[in-house]
Structure formats: C-alpha cells, structure tokens
Amino acid sequence: MSAADTTAPAKVPPARPAPPPTPPVVTGSPTRRRAGGAAVPWALLAPCLLILAVVLGYPLVRLATLSFQEFGQSQLWGFKPAESVGFDNFAEVLGDSEFWAVVVRTVVFAAACVVFTMVIGMAIALLLQRVSGWVKTLINIALVASWGMPIIVATTVFKWLFDSDYGIFNALLSKLPGVDMIGHNWFASGPEGLAVITLLVVWGAVPFVVITLSAGLTQVPKELEEAARLDGAGAWGVFRYVTLPILKPIIVMLTTLSVIWDMGVFPQVFVMRNGHPEAEFQLLTTYSYDKAFVVNDYAQGSAIALLTVLLLLGVIGVYMRQMLKIGEVE
C-alpha cells in the first residue's frame with residue numbers, strides 16, 4: 001500500500017455564509033413619502049397648466065363676462081360703461097330663427113365632413129396595407145405634405161380649382177360627354193359652395209386619419225385574420241369581425257376629434273368667401289365673428305361663442321371618456 005493510500009484526506013473548511021443584506025435606510029414617514037410622490041406629477045404639470053390658464057382661461061372668462069353684458073362700440077371706446085343685462089343676450093340669440101338655421105347648417109356640415117373623412121381615410125389606410133413598400137412611402141410623403149400645407153394656401157388652391165372662369169375642375173368636367181360646366185359658379189348657391197368647402201376640409205383632414213389608422217392596422221394580429229379566412233369569412237367579414245373591433249378605440253377617438261375640429265371650421269369659409277360669408281354660408285364660428293366684429297355687437301357675439309363652447313362640451317366629454325377607457329385598458 002502506498003503512502004498516498006494511507007494518508008487521510010484533508011478536510012475542506014465549510015464556506016462562510018454570506019452576510020444578510022443591509023436594509024435600506026428610509027428617511028421620513030410613509031405618509032410624507034406618499035404625499036411627496038403625489039405632488040411630483042402636479043409639479044411637472046404646473047408649467048403646462050399655467051400656460052393653459054393664461055392662454056385659454058382668461059379669454060374664456062372674458063368671453064363669459066361679455067356675454068352677460070351690454071357691450072358694443074360705445075363701450076369699446078369708453079363712451080359708455082358696460083352694464084350687466086343678465087341672460088338677455090342669450091334669450092335674444094336663442095329666440096332668433098337665423099341662429100337655429102346656422103346651428104342646423106353647422107351640424108350637417110360637420111357630420112358630412114366627419115363621415116367622408118373617416119370613410120375615405122379608412123379606405124386609403126386599408127389599401128396601403130396591400131401595396132409595396134416604396135409605393136407606401138411615396139403615398140405617406142404625399143399625405144404628410146398635404147397635411148402640413150397651411151390652411152390659407154390650401155384654400156387659395158381650391159379657390160383656383162373651382163373658379164368659374166379659370167377653374168380646372170370645370171374644364172375637366174366639361175370634357176365628359178354631354179356636360180358643359182364652363183363658367184359655372186360653384187358659390188352661387190349655399191349647398192354647392194358648402195360642398196366645395198367640405199371637400200377642402202376633408203382633403204386637409206384625411207392624411208391624419210390615414211396615418212393614425214395605418215399605425216393601428218399594424219397591431220391587428222395576422223393570425224386572427226388567417227383564422228377568419230379559414231372559417232370562410234371574406235374580405236368584408238374579416239374587416240367587420242376582426243379588424244373593426246380592434247380599431248374601434250382609435251376610430252372613436254378620431255371621430256370625436258374630427259367632430260370638434262369640423263365644428264370649429266373658420267378660415268376655410270372666411271377665406272373662400274373673401275372675408276364676407278353670405279347668410280347661406282354662415283357657420284357658428286363665422287356667425288359669431290360677424291355679430292361681434294361686423295355688427296359690432298360684442299355681447300351677442302360672445303353669447304354665440306359661449307353657446308358653441310357648451311355645445312362642444314358634450315363631444316369633449318365623449319373624447320375624455322374614451323381616453324380614460326384606453327388608459328384603464330393599458
């Protein structure tokens with residue numbers, strides 16, 4: 001037997017246990033920490049809230065104040081003091097049949113703009129999913145360029161397109177068999193003129209809808225679409241039962257924003273009618289402007305503007321509700 005066999009094996013000392021982790025040092029009470037954590041978001045939002053209060057809060061308060069006063073040109077120049085008249089301005093506005101005609105015209109105009117914007121935007125967004133990459137890139141560049149065009153420039157372009165003497169639209173329509181549109185004035189009647197303005201508003205709003213819906217379509221699972229096709233669903237079935245439910249939150253928000261924007265259309269009508277919209281072209285925004293700065297009845301103009309704000313509060317409430325729903329889901 002060798003010496004190696006008779007030698008006892010050396011004992012290995014046991015490993016030292018790791019020291020327990022040192023607990024973090026916490027300063028302050030839990031109540032104070034929670035209060036400090038809750039104050040951080042408000043501190044970060046404070047500059048934005050301050051700017052909104054100055055830019056939007058003061059004009060809104062001033063608007064509400066004027067709507068309850070008698071305020072015309074004499075009060076503007078300081079010849080007479082502004083006197084409180086209570087709800088007389090609102091009673092006079094609400095009792096005017098012209099005001100209700102403008103309200104109906106505004107609602108119909110905004111509804112037409114929203115419907116055409118959403119339908120055309122959805123159609124283009126779906127078609128973009130079926131084209132090659134370079135075609136999609138070119139179309140997106142064109143959409144962003146048209147979206148970024150200033151409203152005044154776009155309105156001037158449309159005025160030229162639909163001009164009665166030199167408009168290219170009339171010339172193109174006249175090339176159709178049996179159609180003679182040379183010299184046709186699209187703004188001789190309210191419905192035709194508002195149809196042109198609707199086309200202008202839709203043209204400017206479609207790019208945003210297309211880009212937003214295209215981003216939403218990338219989140220639709222391809223597996224669900226393939227499963228629907230295997231179950232026998234056609235293109236319309238896949239869109240109705242798979243694509244549309246997934247895009248519903250985006251569609252609701254886009255529709256709500258479009259209603260808010262289209263109810264507040266002003267420069268398109270104002271510039272298209274050379275700063276003097278006729279009675280059959282009046283919307284709530286231009287009607288309020290005319291009452292205040294053409295008739296010089298600033299109190300009634302303020303009352304109409306405040307009624308418009310109250311009308312939009314319901315739409316804004318729907319929008320905020322959808323935002324909160326999406327926040328809860330996330």
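The first residue of the sequence shown is numbered 1, and numbering continues consecutively from there.
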remark   = Taken to the nearest 0.5 Å, the spacing of Met181 CE from Leu172 CG works out to 11.5 Å

query = Does one hydrophobic cluster hold both Leu200 and Val209, with members joined at side-chain heavy-atom distances below 4.5 Å?
reply = no

task = Give the minimum heavy-atom separation between Gln69 and Ala82, together with the two atoms involved.
result = OE1-CB, 3.6 Å

ask   = When you measure from the side chain of Ser288 to the backbone N and O of Ile304, does any donor-acceptor pair fall under 3.5 Å?
value = no

query = Is it the case that Glu92 and Gln300 place a side-chain donor and acceptor less than 3.5 Å from each other?
reply = yes

remark   = For Asp290 and Pro277 the tightest heavy-atom approach is OD2-O, 4.2 Å

inquiry  = Side-chain heavy atoms nearer than 4.5 Å, only ILVMFWY residues, links allowed to pass through others: does that put Val201 and Ile120 together?
reply    = no

query = Does the ring center of Tyr289 lie less than 6.0 Å from the ring center of Phe270?
reply = yes

key: Close side-chain approach of Tyr166 to Asp163, heavy-atom, < 4.5 Å   = yes

query = Quick one: are Phe187 and Glu278 in side-chain contact, heavy atoms under 4.5 Å?
reply = no

ask   = Do any N or O atoms from the side chain of Asn89 and from the backbone of Ser67 form a donor-acceptor pair under 3.5 angstrom?
value = yes

inquiry  = Please tell me whether Val269 and Val294 are part of a single hydrophobic cluster in this structure, the criterion being side-chain heavy atoms less than 4.5 Å apart.
reply    = no

Heavy atoms of other groups near Glu83 CD, more than 12 under 6.0 Å = no

request  = Working to the nearest 0.5 Å, report the span between CG of Leu143 and CG of Leu128.
outcome  = 7.0 Å

task = Tell me whether Tyr298 is reachable from Val61 by hopping between hydrophobic residues (I, L, V, M, F, W, Y) whose side-chain heavy atoms are closer than 4.5 Å.
result = no

inquiry  = Are Asp96 and Leu94 packed together at the side-chain level, in the sense that at least one heavy-atom pair is separated by less than 4.5 angstrom?
reply    = no

Please report, to 0.1 Å, the donor-acceptor pairs under 3.5 Å made by any side chain of residues 102-116, with sequence neighbours excluded.
| unit_1 | atom_1 | unit_2 | atom_2 | d |
| --- | --- | --- | --- | --- |
| Arg105 | NE | Glu280 | O | 3.4 |
| Arg105 | NH1 | Ala279 | O | 3.4 |
| Arg105 | NH1 | Gln282 | O | 2.8 |
| Thr106 | OG1 | Val102 | O | 2.7 |
| Thr106 | OG1 | Leu284 | N | 3.1 |

Point-to-point distance, once rounded to the nearest 0.5 Å, from CD of Gln268 to CG of Leu199 = 12.0 Å

task = Report the distance from atom CG of Leu45 to atom CH2 of Trp42, rounding to the nearest 0.5 Å.
result = 7.0 Å

inquiry  = With side chain to side chain contact (heavy atoms under 4.5 Å, CB included) as the criterion, how do Leu213 and Ile124 come out once you've worked through the C-alpha distance, each side chain's angles and the decisive distance to 0.1 Å?
reply    = CA-CA 9 Å; Leu213 289 177; Ile124 297 176; over 6 Å; no

message = Using every non-hydrogen atom in the two residues, find where Ser164 and Asn185 come nearest and quote the distance to one decimal.
response = CB-CA, 4.0 Å

message = Within the structure provided, determine whether Ile51 and Val54 are in side-chain contact (heavy-atom separation under 4.5 Å).
response = no

Rounded distance [0.5 Å steps], CG in Leu127 versus NZ in Lys136 = 11.5 Å

Extract all donor-acceptor atom pairs below 3.5 Å that involve side chains of residues 238-257 and protein atoms in other chains or at least two apart in sequence.
| unit_1 | atom_1 | unit_2 | atom_2 | d |
| --- | --- | --- | --- | --- |
| Thr255 | OG1 | Ile251 | O | 2.7 |
| Thr256 | OG1 | Val252 | O | 2.7 |

message = Test of understanding: clusters of I, L, V, M, F, W, Y form through side-chain heavy atoms closer than 4.5 Å, transitively. Do Met118 and Met263 belong to the same one?
response = yes

inquiry  = What verdict does the side chain to side chain contact (heavy atoms under 4.5 Å, CB included) test give for Asn170 and Trp186, after you've listed the backbone C-alpha separation in whole Å, the side-chain angles of each residue and the deciding distance to 0.1 Å?
reply    = CA-CA 9 Å; Asn170 286 347; Trp186 288 90; 2.7 Å; yes

inquiry  = A side-chain contact here means heavy atoms from C-beta on lying under 4.5 Å apart; do Phe208 and Trp261 qualify?
reply    = yes

request  = Could you label the plane-to-plane angle of the Phe99 and Tyr287 rings as parallel, tilted or perpendicular, counting under 30° as parallel and over 60° as perpendicular?
outcome  = tilted

ask   = About how many Å separate CD of Gln129 and OG of Ser214, when rounded to the nearest 0.5 Å?
value = 5.5 Å

ask   = Under the side chain to side chain contact (heavy atoms under 4.5 Å, CB included) criterion, do Val196 and Leu161 qualify, and how do the steps go?
value = CA-CA 10 Å; Val196 175; Leu161 287 175; over 6 Å; no

request  = Answer yes or no: is there a side-chain heavy-atom contact under 4.5 Å between Asp88 and Phe68?
outcome  = no

note = Heavy-atom nearest pair, Phe281 first then Leu194, reads CE2-N, 3.9 Å

query = Where is the tightest heavy-atom contact between Gly204 and Trp147, given as atom of each residue plus distance?
reply = O-CD1, 3.7 Å

task = For the pair Leu283 and Phe266, evaluate side chain to side chain contact (heavy atoms under 4.5 Å, CB included) and give the outcome as yes or no after the intermediate values.
result = CA-CA 8 Å; Leu283 303 179; Phe266 177 82; over 6 Å; no

